[in-house]
Structures are given as structure tokens and as C-alpha cells.
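Because only heavy atoms are used, hydrogens play no part in the values below, and waters and symmetry mates are left out as well, while side chains stay in. What you see is a predicted model; the values in this text were computed from it and never measured. We name chains A, B, ... by the order of the sequence lines, and we start the count at 1 in each one.
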Amino acid sequence: MSAVEYEPVIGLEIHVQLWTQTKMFCGCALSFGEPPNTRTCPVCLGLPGTLPRANAQAIHFGLMIGLALGSDLAPRSIFHRKNYFYPDLPKGYQISQYDEPLCTGGRLGDVRIHRVHLEEDAAKLVHAGTSGRIHGSDASVVDFNRGGTPLAEIVTEPDVRSAAQAREWLTLLRTTLRQLGVSDVNMEEGSLRCDANISIRPVGTARLGTKTELKNMNSFRHLERGVNAEIARQEALLRAGEEVVQETLHYDPVTDRITSLRSKEEAHDYRYFPEPDLVPVAISSEMLAAAQREMPELPAAREQRLQALGVSAASARQLAWRTELGDYFEAALACDGAEAQPLANWVCNELVARVGEEDPATSNVSPEAMAKLVGLVAAKAVTVNNAKLVLDRLVADGGDPGSIVEAEGLGSMAGGDDELEPLVAAALEANADAAAKIRAGNMKAIGAIIGHVMRETKGRADGAEVTRIVRSKLDV
Amino acid sequence: MATTDLTALSAAQAVEAIGRGDLDPTELFEAYRQAATQEDLNAYLWVAQDAPEPPAAGAPLAGVPLAVKDLFCTEGVPSQAGSKILEGYRPPYTASVVARLAAAGAPLLGKTNQDEFAMGSSNENSAFGPVLNPWDRTRVPGGSSGGSAAAVAAGCAPWALGTDTGGSIRQPAALCGIVGLKPTYGTVSRYGMIAFASSLDQAGPLTRDVTDAALLLRHMVGYDERDSTSVSFPPGEVVLPSAESLAGIRLGVPEELTGTGSEQGVGIEPGVLASFRATLELAEQLGATIETCHLPHAPHALSAYYVLAPAEASSNLARYDGVRYGLRVQDDGLLGMYTKTRSQGFGKEVKRRIMLGAYSLSSGYYDAYYGRAQRVRTKIAEDFRAAFERFDFVVTPTSPSVAFELGAKTGDPLSMYFNDYCTVPMSLAGIPAISIPNGLSEGLPTGFQLAGPAFSENRILDAAHALEQAIGFDARPGRTA
Amino acid sequence: MIDREQVLHVARLARLELTEEEVGQMSEELSNVLDHIEKIGELDLEGVPPTTHVIEVSNALRADVVEPSLPRDVALANAPAVADGGFLVPSPQAE
Ligand SMILES: [Mg+2]
Ligand SMILES: [Zn+2]
């Protein structure tokens, strides 16, 4: 009997800090590491008698996100109060959207969007260390600088099927949000936060398993590792005949361990009700037009446009999802030195292999140089292998590919058979065994011939040319 | 002028006297400051130490001082909402309406006692002790703006600010024999008013006569960008009333609220009802037509109110957690600190309403309570709209009873809630309503309530003025104790 | 009707601590009030929209313009306990 195969079903909940000037419901400037409690006012401290006022720019950004994700924008949406006690929540409730959010539905890549809503961020709770203990117990210090920062919460449908897909999709979302200019989307700094709802089910079944909510994955790597760890945990439970319990879990990236966040009963009952201090948001045609006007080209559209230019599907996706890569590619393409597809190949494969996650625009390889190098390859002025050596040199020291080829004597042998044919003839003579095999139809043996010619020419010969001459000489 | 002469002037008269140069605003402030310091009704929780700088020449309120309910935030001045949990709390900012009135020339005289977080109809729920009714010190002044009402009635303030959520201006005004007006929801900014029930709370004037109410309201209304629910007053300005006749005015007397033949058992006291009928006769003599009308859902208003207001309150009062301000009762852990702080900081009635509100919002009960109450609210607003198609105003007794004895109802929350029977429907509908004194029953004042459509304050004030002239009520308490 | 268990549950939600006596009293008083309130259950409210705001206003949005924040000593002035420039509280983790 073969073991049951399990399939993960994953939905993501992403909180994005919006890049407004001021907080969601008050005029305090957003905080970027200022000393604690220097960005607060009566409203965001939740002082008695204060009232929230919604930030128009946050609504505007919310609409842009909705447009980018192809969501339905609610002509009328309202805020609710989500009631619970915690020291980082000054009013005893979070103002959020509940059953009438700003955006519903939509899709990004291969994942459907459930909804997008706006809310306010909580404050920061820092362990007090030695400076403060209360009655001998541990104490914390609350810093309200972050409290009230506008957040967009993006909730996906459970369309993700692996940790790697979750990571890849989140990259696309980050690129999209960055392109929109609505957030600086930095996971390490907390302006992009991702929770995952995870369940597993036997492959081929439709019924969803019990899901858990995994929190605190504060980098793309942690997201992938955390989700994998939780999938493994659930699978182990089911295989041992135990059950998955619906709960909120915390991923510890240091130990790679998953712990339950709420060990105590703490039945959650948020007692949502419409926020009486705020009035409905009614999207006017002006508001909609303003959001549409500011929509940049998004990765999905860029992917299509690049494909139309002749770039392969895989490269187009890579260039579109990594904005800086796409920008670099388009700058190089504009230099008129190279065709789209070979250029895309060189950028996505060879260049990325050498500069890694770094923005190529900040590397030593200028877009002009990249375009020129690809142009030299296309003109057969340099072989692919030697072009790679030129690229190594460009990455290390910069410069002009033409000059490097000349200085290093890496240029391809002049075209035509005059120079190459005697060399091939000599190689066939020196490798009679290989020549016989080729004649007998074993084309693999041609490697020995090419190798010989390359040694003789220090790599300046074109392998394809050599092959052509061999074929014509041996009549195969 | 002697001190008592100074405080005998109505606020509008004082404004006029100052304008003529017959009265020094600093002297007036000092006279009231002394009266407020010496009062023995427990109406004030804090009184200004010094008279402020006289207002700029031409300031419309001329420096006539103002008593302000404790729950309005006043910068650097205790603002405790009558609660132990905010004992000694001094906010870093001032409520919009208080700032607006100060700018118009009405400086802060003192902060007045109230039911804790405005929850109550007798002022017995104050953490700082009950307020006594100047007409009879064994009786309550009504609530929750009991301190403001008592201070004005006793001549310890020319006028005062109160707040009305389900009757908290109108009912104490009625029980203390003064005028109280609850404006249309949204016309007066709520910014800086410590919240009880956000969708119902509304600030309004408590004054000796209708003219003063109009004058104070004139400088209260107006859009405030700090309050999202705020609206500008559509007629533009509150006009000082001058009408002496009610010719052509149609008054509707809702059967459901006046108890005639109602099986709901409104329980309006005979003396209050007699006083109400006498005023209706007077209105007829002034030219009004009077007819019975119907507000079919009004009998359910109290139920809806006691779902909605506590629900909002349970959330509004969650911020009192001992973290940022107010009382903290230290305990071992966070949960202990929360529960001890809140259990010791809140009074009994506040805890009762927090419990009621949290219950009605809790999982599984929302639809049956909160959701239904919001729908009842819709029906009540519709009832009024229908009534105002046939009538200019709806009139009722303000309170089913005159001032009752201290302690008479504290043991029975439900009977206390019935004090709001006639005032709550207007609160739910968000419409303006005034209470004017219309006589005595067994030596105690009764109140006559006049309610109109949203933003009809000017017409309400005019009609109330005409009635006031005809009633000729003597606002000086005949002190019996 | 609201029984003992429900009273305790709601008290927990509202972070209130009730004595044994208060629990009984609360259960009785709230039950009385709820008995009265439950009469709204008899009304036919089919299709009636709920009212959250009695005076209809929408948007009331604030321009995204920075206003001055409070000086930190003012923000902390009313705090019952302060450390490291912040509001000192018992640690939630210690729960
Ligand atoms: Mg959220
Ligand atoms: Zn702020």
C-alpha cells in the first residue's frame, strides 16, 4: 500500500505600510526610527475625546492597489472597530474594515485576491530589559510612533500550493506595490508583513483540511522556510494519526521552530461593529480618475509587452517581476546594439549569475556595454565562450567590450572558410578515430574535433562554424 | 451692582450690559466664581482660580463665563467625566466647542459634576458624589448633565454646556426648571467630548431662558474638520428668537409617548401630565393647532437605545486600561492590571453598561441585538419624518416624573432607564429637541419637550420662545429644604 | 436571560473582574434589562436597512498634511509609569 500524498493549500494575508506623509487617522508624520513617542498626538495616543479623520492619500493608495489587482472597488465602504485589549492598541480597538472593504476580488499572477482593506497599524512593544520591572515581573515599554500608520491588508484566496510559490508570488506582489509607489515594501523593516493560512489535504481531494495561521515570517527566506516547516509539521501529525488544531502559530527563524501563540483559552471575539466616529468612504469619479491617472505600468503588463518584443516567456517574467532588471534590460535595448531575445538571455542568465540580487544598474556593466557585447556575439565577432570572459572583465572593471576583445585578442576568427578549413582538416587528421565515428553517424564524436580547433585558436573559433565545415568535409 | 444683582442677569442681559459699559466682565466673572466656589449642591468639580483677561472688544459673548460639563476636555484643567478612572486627568488639549466658545468670549468658569461617563439620569453615578437639586436638596437634579443644570438653576452659572445622549441635557433641565436644548446630531463638534455613545452624543446649552439657549448655541454650531460626523449648520446661523405667537404652527402629540391609552405603561405622573395639558391649551391660545399623532416604533426606542448606547460605550471605554493616563491598579501581570484597574476605576452603572454592550456585540448575539437595534433606529427616524410631514413639531413631557428623591431608583436600573422614555426617540433620530420649564407639580418643575426635523433649531427656538413668554415660569428655585 | 457563565465570559472580554456577589447581581440585572430589550425581536424588520449614522455624510477625508506631534514629555505626562521614553506596562508575554 502506498502512502497518501498530501498537497498544501495556502492563502496569504499581507499587511503593507502605506507610504503616506501622515498616519491613517491623524496628522502625525510617519516614523522612521525616531526616538520613542515623538510622533504622537492626542488622536493616535487614544486620549479621551479624540476622533479619527481618515487620510485621503491612504484611500487613494488603496484604490491604486485595487486597480493593480483588478479588484472590484466598492462605491461605498465603511470602517469597523475590532475590539481587543493589548498595550499596543491605544483605544482598545483597531479601526479596520470588515464586511464592506474598499476592494474585493481580483487576481495577481496565478493567485486570486479575496479582498483588500485599509486599517491602522499597532504601536511597538519593546521589552523593558533591566530598566523597568513591575512588581518583580517582566515589563515592556510601549512606543506609539508606529501606532496608526496606514496599512493595506491584502488577503488572497487559498490558491498557493507550495512554499516556493508563496515566495515567488510575494516577490511579484512586492514588485507591483513598489511600482505603484504606495509603499517601500521592505520585509526586514516590517513595511511588508506576511502571514500564511496553511492546511494540507490528500492529493486529489477537494475538502480543505484544518488550517493554521503562521505569523512572523519577516523575510522571503523565512516565509519559504516557515511555510515548509508548517507543512512538514502538519504532515507528520496526520501521518501519526493525530489532528491539526486550528490555531495561530509563530515561526522562529533562528531555531526553525513553530510554536503556538496562544497557549491559553483566549477565545477571540472581536465584537466588530461599524465605527460611529467615521463616515462611509464613497468613491467619487474624481477619486477614481486620480487613481487611474497615477497607475504605472505593472509587472503583468510589462511581461506581456516584453513578450511582444520577442522576449521569451521565462525571461519576460523575470524582467517584469524584478523591476530593476527590467529597467536595466530596457535601457540596454534602447542602445540599439542588440536584439531583444539574446539581450534578455544575457541579462537574465549571464549578468544575473554574476551580480546576483544587486541592481545591475549599480554594477560596473553599463547598459551600453551590455548591448554592445550582445551585439558582438550576434555579429559573430566574438564567440559565446569568449563573450562570457569579456563579461567577467566588465563586471570586475567596467569598460568597453570592443576594447577588451581587441586588447585580449578574444575576437572571433574572421568569417569564411579560408582560415578555418585548414585547421579543421588538421584536426580530422589528428583525430582519425573521431573522424571515423562521425562518418559512421555518431555526431557526439564531433566534440573532439571542435576541442582540437578551439585549442589551436585559443577559443576564437566558432563551434557552429567548425561543425558546419566538418559536416561538409565528411559529407554527413 | 451687588453680586446677587450681577448673577440675577440672564446671560444675554449680561452680554448687553457689558456692551453698554454698565457691567465689567471681570466683576461678573468674579461674582460667578464666588457663587461657584461657595455652592453646596456639589454641582462643580473644579472652579477657575482667577478671572481671565477680559475678552477682545466686540467679542460676541462679551466675557460672560461658562460652566462646562466635566467630560469636555479642557487643556490643563481636570477633565474626568465624573469617573474615578480619570481622577485628576488633565488633557493636553481643549474640546473644539469649548475653544470656540472661549474665542467668542465665554471663558471657562468651572467644570460641572455629572453621571460617570454620562451614564445616568440622576447624577447619582458620579464618582465625586451626587448633585443636589436646588429646588429640593433631598432630590436629584436629573442627569447626566446634573451639575450643569443645578449650577444654572441655582444661579451659580449664567449658562452651561451639557451633553445629551438619550436625554442628558433635556431631562436635568426639566427637573431643575431651566431650558435645555439638544441640537441636531452633527451640528456641534464632538471633538474633545469624552465619548459615551458616539452615534448619539451631542453637546448643547443649559440656560435660564430660550434666548440664552439660542445665543450660546449660535456660537457652538459649525463644521469642525476634527469631527468626521460634523456638518455645517445649513440655515447658516442660529437666530435669536422673537416669536410671541404660534399662529399656523401644527403640534403633534404622539400617543405612544404621552401615555394616553398606551399599554406600554409609560407611567407619566399625573402632575406632569396636567402641566403638559395646560401648556397645550396655552399653545392653542397662541394660535397653534394640536392633534394626536403616531410614532409607532417609539415604544421600542428605549430598547434600541439600551442596545446601541451600551454597545458603543463598551468600545469607547476600552481605552481606560491604565497604560497611558488615568488610574492604574498595579497587579502581577498585564491581565491583572487591566481587570483590577477597570474594576476599581469604573462605577457600578458603567460596568453594567459595558457588560450589556459587550454582550450584545459578542459572537452570536450581534444580529439579534445590535443589528436589530440599528434597524429599529431606522424605523424611528422614519416615524418622525412621517410625522413632520403633517406637523411642525412633536411635543411631549420631557420627563415622566418630577425630580425624585436621592436613592429612590438606584436599586432598579430598569426603572431608572425609563426616565429617558420621552427623550430617547429624538436622540435615535438625531433630531433637535428643547425642554422648557412649563410649571410646577407639587412644588417641583416640570418640562415641556418640543422636537422638530433635523436642522430646525431656529424654528424650535422661536416656538419655545413664544411658549416661554406665555407660560411666564419663574426660574428661581423655591427652595424647600 | 444571561446566565453566570455568560456573565463571566463577557466580563473576561471587557477586562472586568467581578466578585462572586457581583456576578449574581449582574446576571439578574442584565437579565431584567434584556427581557425588556428583547421585545424588539417581535418587530418585523425584514428589509429595513440599519442606521449607523443618522445624518448622512460621506468621505470627510483629511488631506495628507503633517501636523505637529506632541513633545514627548507632554505625551507621557499622564502616564502612570514610564521607562525609556515610553509607557511602562507588565509584559504580555509573561501572561
Ligand atoms: Mg489586519
Ligand atoms: Zn497622531
Side-chain angles (χ1 to χ4, degrees), chain B residues 89-90 92 184-186 199 225 228-231 297 300 302-304 306-307 314 318 321-328 331-340 342-343 346 351-352 354-356 358-360 362 368-369 371-379 381 413-414 417 428-430 454, chain C residues 2 6-7 9-19 22 25-27 29-30 32-43 45-63 70-71 74-81 87-95:
Chain B
Y89 173 67
R90 292 168 192 261
T184 308
Y185 182 83
S199 78
E225 59 165 22
S228 303
T229 61
S230 142
V231 292
H297 297 84
H300 295 282
L302 209 57
S303 296
Y306 275 96
V307 171
S314 71
D321 58 4
V323 174
R324 285 144 296 124
Y325 42 78
L327 180 75
R328 169 187 290 194
D331 198 65
D332 286 344
L334 178 69
L335 188 66
M337 184 201 84
Y338 277 158
T339 54
K340 290 223 158 38
R342 292 168 58 78
S343 299
F346 290 136
K351 283 190 253 186
R352 196 180 284 131
I354 289 175
M355 291 285 294
L356 185 57
Y359 175 74
S360 68
S362 68
Y369 291 110
R372 282 195 82 78
Q374 283 196 311
R375 291 177 163 80
V376 174
R377 191 172 186 182
T378 306
K379 296 306 286 183
L414 199 56
Y417 297 170
L428 289 173
Chain C
I2 169 164
Q6 287 170 304
V7 166
H9 170 68
V10 175
R12 205 157 38 231
L13 285 178
R15 295 294 185 271
L16 292 173
E17 189 177 63
L18 302 177
T19 64
E22 283 174 320
Q25 214 177 19
M26 198 65 91
S27 163
E29 286 167 354
L30 293 185
N32 280 342
V33 174
L34 287 169
D35 279 350
H36 181 80
I37 286 174
E38 274 158 15
K39 288 187 187 133
I40 62 173
E42 297 161 9
L43 291 171
L45 299 169
E46 191 65 33
V48 178
T51 293
T52 293
H53 297 97
V54 73
I55 303 294
E56 268 298 332
V57 181
S58 59
N59 290 345
L61 303 176
R62 172 178 60 84
L70 290 173
V74 176
L76 296 174
N78 282 297
F87 299 84
L88 188 67
V89 293
S91 265
Q93 282 78 24
E95 288 298 292

With a 4.5 Å cut-off on heavy-atom pairs, point out which of B:L356, B:D321, B:L428, B:T229 contacts chain C the most. B:L356
Locate the shortest heavy-atom distance separating C:I55 from B:A454; write the atom from each residue and the value. CD1-CB, 4.2 Å
Are side-chain N/O atoms of B:Y369 and C:E38 paired as donor and acceptor at under 3.5 Å? yes
Find the distance between CZ (B:R324) and CG (C:L76) and round it off to the nearest 0.5 Å. 12.0 Å
Can you say whether B:T184 sits under 4.5 Å from chain C via the side chain, the backbone, both, or neither, judging by heavy atoms? side chain
Interface moiety of C:L61 toward chain B, non-hydrogen atoms closer than 4.5 Å: neither
Given that the side chain runs from C-beta out, which part of B:A318 has a heavy atom under 4.5 Å from chain C: side chain, backbone, both or neither? neither
At a heavy-atom distance under 4.5 Å, which candidate from B:K351, B:R372, B:R377, B:M337 has the highest pair count against chain C? B:R372
At a heavy-atom separation under 4.5 Å, does C:V33 approach chain B through its side chain, its backbone, both, or neither? both
Leading residue by heavy atom contact count with chain C [cutoff under 4.5 Å; candidates B:R342, B:H297, B:E225, B:K379]: B:R342
Side chain, backbone, both or neither of B:T378 within contact of chain C (heavy atoms, under 4.5 Å): both
Heavy-atom distance under 4.5 Å to chain C: side chain of B:M355, backbone, both or neither? both
Which bit of B:V323 comes within less than 4.5 Å of chain C, counting heavy atoms only: side chain, backbone, both or neither? both
To the closest 0.5 Å, what do you measure between CD (C:E29) and CZ (B:R352)? 4.0 Å
